[in-house]
Amino acid sequence: MEVKVLKNKEEIGKFVSNIIEEKLKEKNLNNEYFKLGLATGSTPIPIYQELVKRYNENKIDFSKTITFNLDEYVGLEETNDQSYHYFMNDNLFNYINVKKENINIPLANLDNDDEIKKFALEYEEKIKKAGGIDIQILGIGENGHIGFNEPDNMLIINTGKVNLTEDTIKVNSRFFEKIDDVPKSAVTMGMKTILDADKIIIIATGEKKKEVVKFLLEKKGITTSVPASFLFLHKDCILVLDEDVKNACN
Ligand code: GLP
């Protein structure tokens, strides 16, 4: 795992956008679609702002890009402003020319677990059929989760339904009116789905992430109690930090 420390969120937005732009152009020049794995949360917002800016400046064209999002809460309507569908439209998709049919986000507002299982299998198939993910963007939970792969005795392999931990419900309740409104489960790409991406860029910004970042920087080991530690198994993973979190680790 390569570590890159940058001054602030804006610099991170530019750094990650450069990597995305370069790979997108390389793929499109070869007449191939570019496949981008996307994350929600506040961390990737500066990247999305930078990508929208570059699109408006005609520097980048998303017409041959396919996106796959990491996760979605179970039970929220797509129009709910806390759903990850809403988040993605509001922060990126409404402002760039990615085609609607090329946008993939786990659908979690389904009637029962069987339907969710069926959807999860189809999601995996779609990723495979597209030829896999070229670049996966990840944020990280304060408890070390990636996507919604929460610390547990066992982690899921492929896309599926998971229960959220009390910690995550508490942390994510800041976006909801009251803690009871936070869904208790989600559908997320599994650990293998994430690790199968050609390149992974995981970003952690701000002091709040210091415990988990410290754990990763100390290269303590791989454990299901810190799902992000499995990224040490990936051959092309960059951990991008801002100075705030890096300095808080010292
Ligand atoms: C959510 C998402 C994760 C994200 C995490 C961190 O729980 N499921 O994909 O990485 O939040 O969010 P933030 O970037 O706001 O700290």
Side-chain angles (χ1 to χ4, degrees), residues 6 8-10 12-13 16 36-50 67-76 80-88 90-92 104-109 120 123 133 135-152 155-156 159-176 179 181-191 193-195 197 200-216 226-231 237-242 244-246 248:
L6 292 164
N8 53 34
K9 294 175 186 175
E10 288 69 36
I12 291 178
V16 178
L36 179 60
L38 295 170
T40 53
S42 43
T43 309
I45 289 178
I47 304 170
Y48 300 154
Q49 286 170 340
E50 181 64 24
T67 65
F68 290 97
N69 261 82
L70 281 168
D71 49 11
E72 177 60 286
Y73 288 114
V74 165
L76 293 191
N80 184 308
D81 63 4
Q82 291 314 322
S83 78
Y84 288 168
H85 280 77
Y86 188 98
F87 176 96
M88 289 310 302
D90 200 36
N91 285 287
L92 184 65
N104 300 284
I105 306 179
L107 193 60
N109 184 29
Y123 202 68
I133 292 170
I135 297 176
Q136 176 67 54
I137 306 298
L138 292 178
I140 187 168
E142 286 173 37
N143 65 0
H145 74 222
I146 49 175
F148 264 133
N149 293 282
E150 294 275 46
D152 207 339
L155 306 176
I156 59 168
T159 302
K161 184 178 168 185
V162 290
N163 292 324
L164 304 186
T165 59
E166 284 303 320
D167 283 349
T168 295
I169 292 173
K170 214 182 280 164
V171 170
N172 288 6
S173 68
R174 69 190 193 277
F175 299 115
F176 292 80
I179 194 157
D181 292 344
V182 187
K184 308 280 180 289
S185 54
V187 172
T188 180
M189 283 187 193
M191 294 301 290
T193 327
I194 294 172
L195 287 167
I200 297 177
I201 305 173
I202 177 159
I203 304 136
T205 52
E207 247 198 276
K208 278 188 183 164
K209 304 285 168 74
K210 72 174 179 201
E211 291 304 328
V212 65
V213 168
K214 211 168 168 210
F215 183 89
L216 295 175
V226 183
S229 64
F230 277 75
L231 298 173
C237 176
I238 315 181
L239 170 65
V240 184
L241 307 174
D242 68 352
D244 285 351
V245 69
K246 179 65 177 60

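We're numbering straight along the sequence, starting at 1. Indexing begins at 1, ligand by ligand and atom by atom, following the structure's order.
Each of P183, S185, P106 was scored for a side-chain contact (heavy atoms from CB on, under 4.5 Å) with V74, with one residue passing: S185.
Looking at heavy atoms from C-beta onward, Y48 lies out of side-chain contact with D90 at the 4.5 angstrom threshold. The shortest side-chain heavy-atom distance between M191 and I146 falls under the 4.5 Å cut-off.
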Between ligand 1 and the protein, give all atom pairs where both partners are nitrogen or oxygen and the distance is under 3.5 Å, as lines of names plus distance to 0.1 Å.
from     : atom 1 : to   : atom 2 : distance (Å)
ligand 1 : 7 (O)  : H145 : NE2    : 3.0
ligand 1 : 7 (O)  : N172 : ND2    : 3.2
ligand 1 : 8 (N)  : D71  : OD2    : 2.8
ligand 1 : 8 (N)  : G147 : O      : 3.2
ligand 1 : 10 (O) : I140 : N      : 3.3
ligand 1 : 14 (O) : S42  : N      : 3.2
ligand 1 : 14 (O) : T43  : N      : 3.0
ligand 1 : 14 (O) : T43  : OG1    : 2.5
ligand 1 : 15 (O) : S42  : N      : 2.8
ligand 1 : 15 (O) : S42  : OG     : 2.7
ligand 1 : 15 (O) : R174 : NH2    : 3.0
ligand 1 : 16 (O) : K209 : NZ     : 2.6

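When only modelled atom types and interatomic distance are considered, T40 and N69 share no side-chain donor-acceptor pair under 3.5 Å.
With rounding to the nearest 0.5 angstrom, the CG atom of N109 is 9.0 Å from the OG atom of S83.
Between Y73 and F148, the ring-plane angle classifies as tilted under the 30° and 60° cut-offs.
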